[in-house]
Amino acid sequence: MKKLLTSIFLFSFCFSMSAQNSQKALVDYVDPFIGTTNFGTTNPGAITPNGLMSVVPFNVMGSSENTYDKDARWWSTPYEYTNNFFTGYSHVNLSGVGCPELGSLLLMPTTGELNVDYTQYGSKYKDEVATPGYYSNFLTKYNVKTEVTATPRTGLARFTFPKGQGNVLLNLGEGLTNESGAMVRRVNNQEYEGMKLLGTFCYNSQAVFPIYFVMRISKVPAETGYWKKQRPMTAEAEWDADQGKNKLYTKYGKEIAGDDIGVYFSFDTEENEQVEVQMGVSFVSIENARLNLETEQKDSHFDKIYQDARNLWEKNLARITVEGGTEDQRKIFYTSLYHLLIHPNILQDVNGEYPAMESDKILTTKGNRYTVFSLWDTYRNVHQLLTLVYPERQMEMVQTMLDMYREHGWLPKWELYGRETLTMEGDPSIPVIVDSWMKGLRDFDVDLAYEAMYKSATLPGNENLMRPDNDDYLSLGYVPLREKYDNSVSHALEYYIADYSLSKFAQALGKKEDAKMFYSRSLNYKHYYSKEFGTFRPKLPDGTFYTPFNPLQGADFEPNPGFHEGNSWNYTFYVPHDVYGLAKLMGGKTKFINKLQMVFDKGYYDPANEPDIAYPYLFSYFKGEEWRTSNEVHRLLKKYYTTKPDGIPGNDDTGTLSTWAIFNMIGFYPDCPGLPEYTLVSPVFDKVTIELSPKWYKENELIIEVNRNSPEDIYIDKVTLGGKQIKKYRITHDELVHGGHLIFDLKSTK
């Protein structure tokens, strides 16, 4: 009997292990090529979750055959799927942004005679492979296989060479940044150290910063040296044969500096010989770059580093598990979650040091210090998802934002590696911090947070970094059009939302008069409503409307008076804090619903433009019209989110568009920034399990289940939360997480 039980146990154990082994890992649902064309501006490079380092194939320069080339047009990403001319791997990159920056320290393997001109040494490639933490291709010009992986602060490349002369080049002159200038110094024949200047993001000429690096190569080179592009000469040209050309420095081993400089290594290789190149970086110092490298790649090799990165991604993705849906839907979901976890990324070195905000000081943090706060985008949904699923990370981001206030005197608007770029508009830190506090993430100095918010909301314009047009905003209740393309309406609409969030915060803190003042301000959006057009319209200082006016002007980045990157229809419904008031302004429920539906029916809705991405949820504020929310969301998901390289409708904006898909696929969306509420929408999957952090939530998990007869069942028939039926389409954050179990019964008819 004992033998039989043992046999049964062994059979059951082996069967269970076999089932686990055959189950697809979550990282294998991620396709990093999604969003790498159609201006999604994501990339397939190697990175760890929220890592400082990313190692990305650079294919946007040097060839007239490129569909998109940084030297021929405005271009903001190191990789474009339709291009096929590879000029190296860039280290430290941005994902899903609309302005060029970073994308430097270009590492390139070649074979044969040394050539340091990127227009000539670039190569076409094939056999691309990308998965979280790893990228590979094969350079057809050189018969070299390239592979890269990453740790949080370092990169590692592995090049498999054919027999003959092999070369490795480090190009410090090129990249995506609009800044120029670098310095490099030989430590020994296998190690170089240096820095490169970066910055000038989105036309901000003073927002510059250095990146420091240490590079090591595994093979002793037969020859190593520098190159530098020489300036063109006139009379002196007779004495310099290299004028206007790339000059090789073969007998000089001290440091070198310039705009277009580089390092080369040459060696003899055997067939299939592998050469590895390590790259450590820091935004503090060369010494810290070396410390990062020695700490994170100590006693490691390529395969282990890649496996560690893969395991880290699997652990992060496993915070949400989904069941049901199609294979493509799971790929879209987990790729979106992958994109969410790229930015904001850590800034501090392994010793905790980081560059202080807008300062030359170096400070030390005990936890994580984050950077790349694209807040005009991410305040709408990214930080809400982080709060729910990754609260420990969101808490550190809020603490980072307050540390930036301590260091600089202002909360961030669009911070980049310790510099304030002031890109886009509004006062977006306010709803992020308020939303976190309202949902129970309160491990920060609340009084300091309120002080920072009150400062930007009340200071005069000439003293106000966040609200430079605050004088008009406070005296008139709106921001008038004073210059033809000053984005005045866009500015004011963002201030209204920030002031609404601040009013809720003040109310919660017992500051009744402040709460009343800020709430009253938030309703001044009504100044912009034009009955003639039924839309928001720019207003002049004397109170009259701007004319001539076309509510459709502004599509495809066309310059547009009063509005930033969009037209009036993209902004007219962007009053999420007073939906009923807006409906009354428009003539009541029926006219509001008909006009909103018209925006979708006529194609005025822009899925890649943040101000209108919350439009579908406005239907659910009105009884009998809730079905339209699920109808539009499912239509938009199906049309714009796919597993193809163009499977994101536009700039991912550091994860914002991906987060839109995540929320909608699991069944709810935070449509009003700063307000701890969600609108329900029918989920894509049959079951979703969200792991909840025990530090922040009483429950261990949130389970969402769906009862449906077919995939066509997309309309909500009944909703049960915590075993009780609810008859509403909006729920609070507390209701959701404490309810524990959310069940949707769906039907096929509205």
Side-chain angles (χ1 to χ4, degrees), residues 29-47 54-90 93-103 122-132 134-138 140 148 175-176 328-329 331-340 342-343 374 377 555-557 565 606-610 613 636-662:
Y29 285 111
V30 176
D31 183 353
F33 290 111
I34 294 175
T36 56
T37 189
N38 190 37
F39 300 95
T41 66
T42 63
N43 65 69
I47 190 172
S54 57
V55 191
V56 176
F58 201 93
N59 72 350
V60 294
M61 71 176 187
S63 174
S64 60
E65 296 182 28
N66 277 344
T67 309
Y68 301 97
D69 194 281
K70 78 175 187 68
D71 296 328
R73 56 165 296 155
W74 175 266
W75 194 247
S76 64
T77 181
Y79 177 92
E80 220 290 335
Y81 186 80
T82 61
N83 288 355
N84 193 35
F85 191 74
F86 177 85
T87 51
Y89 285 105
S90 55
N93 299 269
L94 298 176
S95 174
V97 300
C99 286
E101 191 48 78
L102 283 75
S123 172
K124 292 190 175 181
Y125 56 92
K126 64 178 182 178
D127 300 336
E128 288 188 283
V129 175
T131 190
Y134 176 87
Y135 171 88
S136 175
N137 66 21
F138 186 84
T140 56
V148 292
L176 280 182
D328 280 358
Q329 287 170 333
K331 285 182 179 180
I332 293 167
F333 180 81
Y334 282 110
T335 303
S336 297
L337 196 56
Y338 168 80
H339 287 148
L340 165 77
I342 294 176
H343 296 302
S374 174
D377 309 296
D556 298 322
F557 293 94
E565 295 183 2
D606 183 355
N609 193 44
E610 274 75 5
I613 60 175
L636 294 169
L637 278 172
K638 186 176 181 180
K639 181 176 181 180
Y640 293 108
Y641 290 85
T642 73
T643 59
K644 297 178 181 179
D646 64 355
I648 298 176
N651 279 178
D652 196 34
D653 290 329
T654 65
T656 303
L657 295 193
S658 289
T659 302
W660 188 91
I662 294 169

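Closest non-hydrogen pair, Val148 versus Ala46, comes out as O-CB, 3.8 Å. Nearest heavy-atom pair across Pro649 and Leu657 is CG-CD1, 4.0 Å. Nearest heavy atom pair, residue Ile47 against residue Ser54, reads CD1-CB, 3.8 Å. Of all the heavy atoms in Pro32 and Ala130, the pair that sits closest is CD-O, 3.5 Å. Taking both residues in full, the closest heavy atoms of Tyr125 and Thr140 are given as N-OG1, 4.1 Å, listed atom of the first, atom of the second, then distance. Across all non-hydrogen atoms, the minimal contact from Ser76 to Cys99 is CB-C, 3.4 Å.
With sequence neighbours left out, the side-chain hydrogen bond (donor to acceptor under 3.5 Å, both in side chains) criterion links Lys331 to no other residue. For the salt bridge (charged side-chain N to carboxylate O under 4.0 Å, His left out) test, residues two or more places apart in sequence or in another chain that qualify with Lys124 are Glu65. In this structure Asp652 satisfies the side-chain hydrogen bond (donor to acceptor under 3.5 Å, both in side chains) test together with Ser658, sequence neighbours excluded. With sequence neighbours excluded, the residues that form a side-chain contact (heavy atoms from CB on, under 4.5 Å) with Asp31 are Phe33, Ile34, Thr335. Remark: Asp328 pairs with no residue by the side-chain hydrogen bond (donor to acceptor under 3.5 Å, both in side chains) rule, at least two apart or across chains. Every residue meeting the side-chain contact (heavy atoms from CB on, under 4.5 Å) condition with Val97, not counting sequence neighbours, appears here in chain and number order: Leu94, Trp414, Thr654. Qualifying side-chain contact (heavy atoms from CB on, under 4.5 Å) partners for Glu565, counting only residues two or more places apart in sequence or in other chains: Met424, Phe557, Asn609. Applying the side-chain hydrogen bond (donor to acceptor under 3.5 Å, both in side chains) rule to Thr77 yields no partners; only residues at least two apart in sequence or on another chain are considered.
Judged by distance alone, the side chain of Asn43 and the main-chain N or O of Pro57 form no donor-acceptor pair under 3.5 Å. The closest donor-acceptor contact from the side chain of Trp74 to the backbone of Gly98 lies under 3.5 Å. Looking only at distances, a side-chain donor or acceptor of Asp69 sits under 3.5 Å from a matching main-chain atom of Gly62. Here the side chain of Trp75 pairs no donor or acceptor atom with the backbone of Val60 at under 3.5 angstrom.
Rounded to the nearest 0.5 angstrom, Thr131 OG1 and Tyr29 OH are separated by 13.0 Å. To the nearest 0.5 Å, the span separating OG1 on Thr656 from CD on Glu610 amounts to 5.0 Å. Atom CG of Asp377 sits about 8.5 Å away from atom CG of Asn651, to the nearest 0.5 Å. Considering CZ of Phe333 and CD1 of Ile662, their distance stands at 6.0 Å, rounded to 0.5 Å.
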Only distances under 3.5 Å count here; give the side-chain donor-acceptor pairs of residues 79-88 to other protein atoms, sequence neighbours excluded, each with its distance to 0.1 Å.
| from | atom 1 | to | atom 2 | distance (Å) |
| --- | --- | --- | --- | --- |
| Tyr79 | OH | Glu128 | OE1 | 3.1 |
| Tyr79 | OH | Glu128 | OE2 | 2.8 |
| Glu80 | OE1 | Thr82 | N | 2.8 |
| Glu80 | OE1 | Thr82 | OG1 | 2.5 |
| Glu80 | OE2 | Thr37 | OG1 | 2.6 |
| Thr82 | OG1 | Thr67 | OG1 | 3.3 |
| Asn83 | OD1 | Thr67 | N | 2.8 |
| Asn83 | OD1 | Tyr68 | N | 3.1 |
| Asn83 | ND2 | Asn59 | O | 3.0 |
| Asn83 | ND2 | Tyr68 | O | 2.6 |
| Thr87 | OG1 | Phe58 | O | 3.4 |

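Within the structure, no pair that satisfies the side-chain hydrogen bond (donor to acceptor under 3.5 Å, both in side chains) test touches residues 638-647, not counting sequence neighbours.
By the 4.5 Å heavy-atom criterion applied to side chains, Tyr89 and Val56 are not counted as neighbours. Ser336 places a side-chain heavy atom less than 4.5 Å from the side chain of Ile332.
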